[in-house]
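Residue numbers count from 1 along this sequence.
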Amino acid sequence: MRTCLLLLAGIVCLAAADQNWHFVPPAEGGAVNVKDYGAVGDGKTDDTDAIMKAIKDNIDKSRYRSNAWIYFPKGTYLVSGPIEGRVDTHKPELAQGKIWSAGWRSMMLLIGESRTESIIKLKDQAEGYGDPKKPKWVVACGSEGDNRKNFAGGGNRAFRHGIVNLTVDVGAGNPGAIGVDFIASNRGTIDNVTIKSGPDSGATGIAMTRHWPGPAMIVDVTIDGFNKGMQLAHYQYGMTFEGITMRNQRSIGVRNNQNVLAMRHVDFEGSVPFYFSDSGHNLLSLLDSKIVGIGTSDKAAITTQGLLNLRRTSFTGFASVANHPKGNRVMIKAEGDTTMIDSYDIGFKIDAKGGDAKPLNLPIDEIPLFRPKPGEWTVAAATGAELQAQIDAGAEYIYVPPLKAIQLTEPLILRNKLKLMFGGNGHLKVEGDNKIALRVENGDSPAVVLEHMYVDGGIDNVSDRSFVLRHGDIHGATGYRGLGKGKGFIMDVIGKGYEIGPDHTFFAWQLNAEFGNAPLFTNSGTSWIFGFKMESSTRNDKKGEKGTPSLVNKSGQTELFAGLLYTLGSQSHHAPVIPAFTNESGKVAISYRTNGIPKTYYSKILRIGSFENGEDLIPANKIKGPGAALLTDER
């Protein structure tokens, strides 16, 4: 991400400012210090067992809500084997297939004091890391599964993992090392992290090849070295990337099989191609990026058989911008040494009125963030009334400890001087499915931010300022409602029931919404969504359930990149009979791909006019292939 500083307000917009973040949790914050488990961090002592004990003792407490952060003070933590989100790794019953889920647990949370000075480092020439044909991870999180032989940790219950504000170094003489083997479900993140290898060391920087990667968020990450920068496999689900720097890869920058990728602010420089996929079922949306090749005048920057969106991205030093893998056919030519692509789409395009499908190119704001200094935290009180009193007394930076939910009997009003509520995966809970948990009102700060928070209840922004939820949950029948003239920012969030009012502007990265018979997202203002995965409820005629409508544009403008329509069920009578998208009035521009069993897919893709009684203008049989590179309509 680009750096933005408003010093008087204390706002940063990530990039270099976030890389220099000095994070020290308050003593009462519930974080678990690896040094309290015997880790030394001197770069000489083997800290593997101490780190694993810290993880094992704390990962299985409240994993769907609020496990504690495993905290790494400044230091170099030498390891000789994997750091994994598992319990019981020392027991012989594990290898015998007698431990539930082979020990894997959700919600492994690692956070460093400093991205540049909190380092997990694999010792040079470590045992088991010498064969690139048998790669082995240094850090890995996994999915829970009922199979006791789930040794690889794959699955779709890898909830809420977080690797934040540190460096993973695979050292020298380890050609089989994977920096981070990452899997997360619905939300999870690698955030503000450097992953690096020595010369001729490292197989893959970030591997996402176990079933099933995503949806999750990789943000502000540098990958330096490795044979492959990133590798993804499986048609389920999708990953979103923002602010990725890649250098010195030896084979490929990104190798993708069938995943849906949303990538923005990628800064790639190397002597190899940036992206390769030979599957027709993948989708890549690449925005606002810079792709530079050195000694690559005979290579294509991108080789893909799938859907492709390019916006405002430059390509330098390549023979072509994009080729098809069959016959290496050129699809987008290079124009001189540097080619600037303002807007280009590969794949099926359709406009509801029969004209040319044209993008909206909505302006994109960067996410405002706050990074307090050590000692500036106020630890959240135990009750909603006491927490409200802290806010009204002028607290600016509130740290919400893990484990116990703060019960709210009425909405918590975010106002006054409040800038940031940061959770050690804290939990706010209001009773009742339709209740509002948080209400954003005007205050002294131009923005208020929640990070790593689980909110049971809806969120109303009635203010003129910006609200941010980053790495969090919104649970309840009511989701986020943008009712004021301000702005909403969502990054890496589980939730549904979004309602964007006519005066509101909304931005989302990695928005996961699931289930029900009401629209998951309704826009009457201006909404830009980057990385969107929905899951439908299976239709039940006996109960009058027609399936899950994905997105309704009532008015205004909606632009969506890298959407994934995932319909559940196994039989044709499970397929939704309502449309995936509806445009009542205004403008829509959507890139998406389908997933699931084909006979459960949406039969109606776009309805125009009212959601209840409109005309189904684009049926699924008009879409050629697994989705549309660009689907547009204007009313």
Checklist entry - In this structure, which one of His452, Arg160, His471 forms a side chain to side chain donor-acceptor pair (under 3.5 Å) with Asp492? => result His471
Checklist entry - Out of Phe241, Phe561, Trp528, which one pairs with Trp509 under the ring pair (Phe, Tyr, Trp, His ring centres under 6.0 Å) rule? => result Trp528
Next on the checklist: To check you understand the geometry: which heavy-atom pair defines the closest contact between Ile178 and Ala207, and what is its length?
Outcome noted: CG2-CB, 3.7 Å
Checklist outcome for this item: Taken in chain and number order and not counting sequence neighbours, the residues that satisfy side-chain contact (heavy atoms from CB on, under 4.5 Å) with Ile500 are Tyr480, His504, Phe506, Phe521, Asn523, Ser527
Item to check | Short side-chain to backbone donor-acceptor contact, Thr194 and Thr167, under 3.5 Å | outcome: no
Checklist entry - Is the closest side-chain heavy-atom distance between Leu308 and Met331 below 4.5 Å? => result no
Next on the checklist: The test is salt bridge (Lys or Arg N to Asp or Glu O under 4.0 Å); show your working for Glu451 and Arg371 and say whether it passes.
Outcome noted: CA-CA 11 Å; Glu451 287 193 79; Arg371 292 294 177 241; 2.6 Å; yes
Checklist entry - Just checking, is any N or O donor in the side chain of Asn256 or Tyr275 under 3.5 Å from an acceptor N or O on the other one? => result yes
Checklist entry - Can you find a pair of side-chain heavy atoms, one from Ile367 and one from Met491, that are under 4.5 Å apart? => result yes
Checklist entry - Residues in side-chain contact (heavy atoms from CB on, under 4.5 Å) with Ser314, at least two apart? => result Lys290, Thr338, Met340
Checklist entry - Can you check whether Arg312 reaches Asp342 side chain to side chain, under 4.5 Å on heavy atoms? => result yes
Checklist entry - Would you say Asn309's side chain and Ala629's backbone share a donor-acceptor pair under 3.5 angstrom? => result yes
Checklist entry - What's the verdict on side-chain hydrogen bond (donor to acceptor under 3.5 Å, both in side chains) for Asn323 and Ser320, showing C-alpha distance, side-chain angles and the deciding distance? => result CA-CA 7 Å; Asn323 284 12; Ser320 58; 2.6 Å; yes
Item to check | Candidate pair Trp212 and Ile183, rule side chain to side chain contact (heavy atoms under 4.5 Å, CB included), full reasoning | outcome: CA-CA 7 Å; Trp212 292 276; Ile183 180 173; 5.6 Å; no
Checklist entry - Which atoms form the tightest heavy-atom contact between His211 and His234, and what is the distance? => result N-NE2, 3.4 Å
Checklist entry - Which heavy atom of Ser285 sits nearest a heavy atom of Ala562, and at what distance? => result OG-N, 3.6 Å
Item to check | Nearest atoms (heavy-atom pairs only) where Pro359 meets Ala589 | outcome: CA-CB, 4.5 Å
Item to check | Validation row: Asn512, Arg187 side chains within 4.5 angstrom (heavy atoms) | outcome: no
Checklist entry - Lys196 and Lys121: side chain to side chain contact (heavy atoms under 4.5 Å, CB included), yes or no, with the steps? => result CA-CA 10 Å; Lys196 63 182 182 179; Lys121 185 180 187 301; over 6 Å; no
Checklist entry - Got a second to check how far Ile218's CD1 is from Ile206's CD1, nearest 0.5 Å? => result 5.0 Å
Checklist entry - Distance only, no hydrogens: is a donor on one side chain within 3.5 Å (strictly under) of an acceptor on the other, for Arg115 and Asn192? => result yes
Checklist entry - Got a sec, which residues hit side-chain contact (heavy atoms from CB on, under 4.5 Å) with Lys554, two or more places apart in sequence or on another chain? => result Thr522, Ser524, Val552, Glu584
Checklist entry - Considering only heavy atoms from C-beta outward, does the side chain of Phe581 approach that of Val588 to under 4.5 Å? => result no
Checklist entry - Do the side-chain N and O atoms of Asn186 and Lys533 include a donor-acceptor pair separated by under 3.5 angstrom? => result yes
Checklist entry - Taking the side chain from Ser343 and the backbone from Arg311, do they hold a donor-acceptor pair closer than 3.5 Å? => result no
Item to check | Contacts of type ring-ring contact (aromatic ring centres under 6.0 Å, His included), residue Phe226, not counting sequence neighbours | outcome: none
Checklist entry - Do Thr245 and Asp267 have a side chain donor and acceptor closer than 3.5 Å? => result no
Checklist entry - Does some side-chain heavy atom of Pro372 sit less than 4.5 Å from a side-chain heavy atom of Leu420? => result yes
Item to check | No-hydrogen, no-angle side-chain donor-acceptor test under 3.5 Å, His22 and Glu113 | outcome: yes
Checklist entry - Is the count of non-hydrogen atoms from other residues, nucleotides or ligands lying under 6.0 Å from Lys136 atom NZ greater than 12? => result yes
Next on the checklist: Under a 4.0 Å threshold between the charged nitrogen and the carboxylate oxygen, would Lys485 count as salt-bridged to Asp503?
Outcome noted: no
Checklist entry - Under 3.5 Å, is there a donor-acceptor pair between the side chain of Ser289 and the main chain of Val266? => result yes
Item to check | Any residue meeting ring-ring contact (aromatic ring centres under 6.0 Å, His included) with Tyr602, in chain and number order, not counting sequence neighbours | outcome: none
Checklist entry - Thr240 side chain to Ala262 main-chain N or O, any donor-acceptor pair under 3.5 Å? => result no
Checklist entry - When the ring planes of Trp21 and Phe23 are compared, do they come out parallel, tilted or perpendicular, using 30° and 60° as the limits? => result tilted
Checklist outcome for this item: Across all chains, not counting sequence neighbours, the side-chain contact (heavy atoms from CB on, under 4.5 Å) partners of Thr339 are Val321, Ala334, Glu335, Ile341
Checklist entry - If every non-hydrogen atom of Gln557 is compared with every non-hydrogen atom of Leu362, which pair is closest and at what distance? => result OE1-CD2, 3.6 Å
Next on the checklist: Between Lys358 and Asp345, does any side-chain N to carboxylate O distance fall below 4.0 Å?
Outcome noted: no
Next on the checklist: Is any side-chain heavy atom of Tyr237 closer than 4.5 Å to one of Val260?
Outcome noted: no
Item to check | Considering all heavy atoms, the nearest Ser201-Gly173 contact | outcome: OG-N, 3.7 Å
Checklist entry - Does a side-chain heavy-atom distance below 4.5 Å link Leu310 with Phe315? => result yes
